[in-house]
Amino acid sequence: MTSQPAHVAVVFEPGPQRVLARVSGEIDMDQAPALREELAAALAASHAGLDIDLAGVTFCDSSGLHVLLDVDQLAVQAGKTLVLTALSRPVARLLDMSGVERVLTVRAQVLWVKHRRYGPTVHLTPVGRLNESTRGALDEVQAALEDVDVVACDMQELTLLDVTGLNALVDFARRLNENGIAFFVYNWQPQPRGLLDLIDEQYPQAERPTRLLRRLQDFAAAARAAGAAKAAEVSRTGRTLPHV
């Protein structure tokens, strides 16, 4: 079943438990009412819920967000679930800016980067998978970093990193470094950290390909080592070392 309003198209793929809706085109206030009606009907026809693929959406304003929130509420009332299985970057950015991604269930495989700026410091949070198909997300971030001194990158929501994605991340860090922007990464998850370690095992420590990604880790390790040495000296001499 296919619906084709003027600027948005929806293809429904019914399954035994859930219905998948693939949405493409532009979602604005003119298209939102019809889209809501069709998604609500597909949800009602499903046994367990509705999956929505938004990878083909090229534009979405607040009316599109209201459609998603309304249908999600209908799902809750019916004892079903609504899941966003794929997002285009315009939709991902809108969800991030509005905070709606914290309300809806998002299981998209695309990478998007949450962006928060505080004066000359920018906080980034990559969400999803960084692989060969998502390098463009980092290029978009790079283009937006004007008059920035520090970029802090929280990797808590990066679920997968492959070698191609790692190369893209290293290139991103190198470009920032060449432009005089300090780049710090933290909250590495097990799989991405394991890939960093695996790559670095092949090189001497001074030549690690990921050294620009480990600045904060190295700083923390050095601070711990200095603290341990200081504590050991205090324990040995019984006196506090002078501050320098």
Side-chain angles (χ1 to χ4, degrees), residues 13 15 18 20-24 49-57 60 68 81-116 122-145 151-177 183-203 208-218 220-221:
E13 299 178 10
R18 306 180 65 80
L20 172 63
R22 299 187 187 276
V23 184
S24 59
L50 180 65
D51 297 329
I52 304 180
D53 181 336
L54 299 168
V57 174
C60 182
L68 296 176
T81 57
L82 180 144
V83 177
L84 305 184
T85 61
L87 304 176
S88 65
R89 290 204 184 101
V91 173
R93 284 195 295 269
L94 184 60
L95 291 180
D96 174 35
M97 293 173 59
S98 65
V100 170
E101 90 281 357
R102 295 189 292 272
V103 178
L104 299 174
T105 301
V106 181
R107 296 176 185 164
Q109 299 303 308
V110 68
L111 177 85
W112 77 94
V113 183
K114 299 180 183 179
H115 183 284
R116 298 287 184 273
V122 169
H123 292 264
L124 303 177
T125 305
V127 181
R129 302 180 174 215
L130 181 53
N131 52 34
E132 74 283 351
S133 63
T134 54
R135 184 181 189 126
L138 295 178
D139 292 338
E140 289 181 7
V141 171
Q142 172 75 28
L145 296 179
V151 172
C153 194
D154 184 347
M155 292 297 188
Q156 186 172 8
E157 298 185 55
L158 184 67
T159 57
L160 182 139
L161 178 69
D162 67 11
V163 173
T164 307
L166 176 58
N167 287 334
L169 191 59
V170 170
D171 287 344
F172 177 72
R174 184 178 297 115
R175 293 197 301 269
L176 294 181
N177 188 65
F183 182 60
F184 298 101
V185 186
Y186 60 100
N187 280 341
W188 286 106
Q189 297 306 293
Q191 187 277 329
R193 182 187 291 275
L195 180 61
L196 265 64
D197 293 341
L198 182 63
I199 295 296
D200 284 346
E201 286 176 1
Q202 305 173 45
Y203 297 84
R208 295 186 305 185
T210 68
R211 61 190 180 279
L212 289 176
L213 305 179
R214 295 185 185 264
R215 283 177 167 176
L216 193 60
Q217 175 182 317
D218 291 345

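Position 1 is the first residue of the sequence; numbering continues from there.
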Looking only at atom types and distance, does a side-chain atom of [X] sit under 3.5 Å from a main-chain N or O of [Y], one as donor and one as acceptor?
X: E157; Y: T125; value: no
X: R211; Y: R208; value: yes
X: S88; Y: V57; value: yes
X: R174; Y: L212; value: no
X: Q189; Y: N187; value: yes

Under 6.0 Å from the OH atom of Y186, do we count more than 12 heavy atoms belonging to anything else shown?
->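 Result for OH/Y186: enclosed.
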Looking at side-chain heavy atoms only, is the closest gap between [X] and [Y] below 4.5 Å?
X: P90; Y: C60; answer: no
X: Q191; Y: L161; answer: yes
X: H115; Y: V122; answer: yes
X: P192; Y: M155; answer: no
X: L130; Y: L138; answer: yes
X: L68; Y: V100; answer: no
X: V151; Y: L124; answer: yes

With sequence neighbours excluded, what pairs up with R175 under the salt bridge (Lys or Arg N to Asp or Glu O under 4.0 Å) test?
->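 Partners of R175 under the salt bridge (Lys or Arg N to Asp or Glu O under 4.0 Å) test: D139.
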Pair R214 + D197: basic N to acidic O under 4.0 Å =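 Looking at D197 together with R214, the answer is yes, because their closest N to O distance falls below 4.0 Å.
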Should the pair R102-D96 be classified as a salt bridge under the 4.0 Å nitrogen-to-oxygen rule?
->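 Looking at D96 together with R102, the answer is no, because their closest N to O distance does not fall below 4.0 Å.
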Which distance, rounded to the nearest 0.5 Å, do you find between the CD1 of I52 and the CG of L54?
->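 Interatomic distance, I52 CD1 to L54 CG, rounded to 0.5 Å: 6.0 Å.
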CG/D162 to CG/N167 distance, rounded to the nearest 0.5 angstrom?
->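 Going from CG on D162 over to CG on N167, the span is 9.0 Å.
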Test L84 against every option in V91, D53, L95 by the side-chain contact (heavy atoms from CB on, under 4.5 Å) rule and name the one that passes.
->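 Considering V91, D53, L95, a side-chain contact (heavy atoms from CB on, under 4.5 Å) with L84 is found only for L95.
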Heavy-atom pair of closest approach, residues [X] and [Y]:
X: T105; Y: L82; value: CB-O, 3.6 Å
X: V170; Y: P209; value: CG1-O, 3.8 Å
X: W188; Y: L213; value: NE1-O, 3.6 Å

Does the pair N131 and T164 meet the rule for a side-chain contact (heavy atoms from CB on, under 4.5 Å), with working shown?
-> CA-CA 6 Å; N131 52 34; T164 307; 5.9 Å; no
Have D200 and T210 got a donor and an acceptor in their side chains that come within less than 3.5 Å?
->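 Yes, side-chain donor-acceptor contact under 3.5 Å.
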What's the verdict on side-chain contact (heavy atoms from CB on, under 4.5 Å) for V185 and L216, showing C-alpha distance, side-chain angles and the deciding distance?
-> CA-CA 6 Å; V185 186; L216 193 60; over 6 Å; no
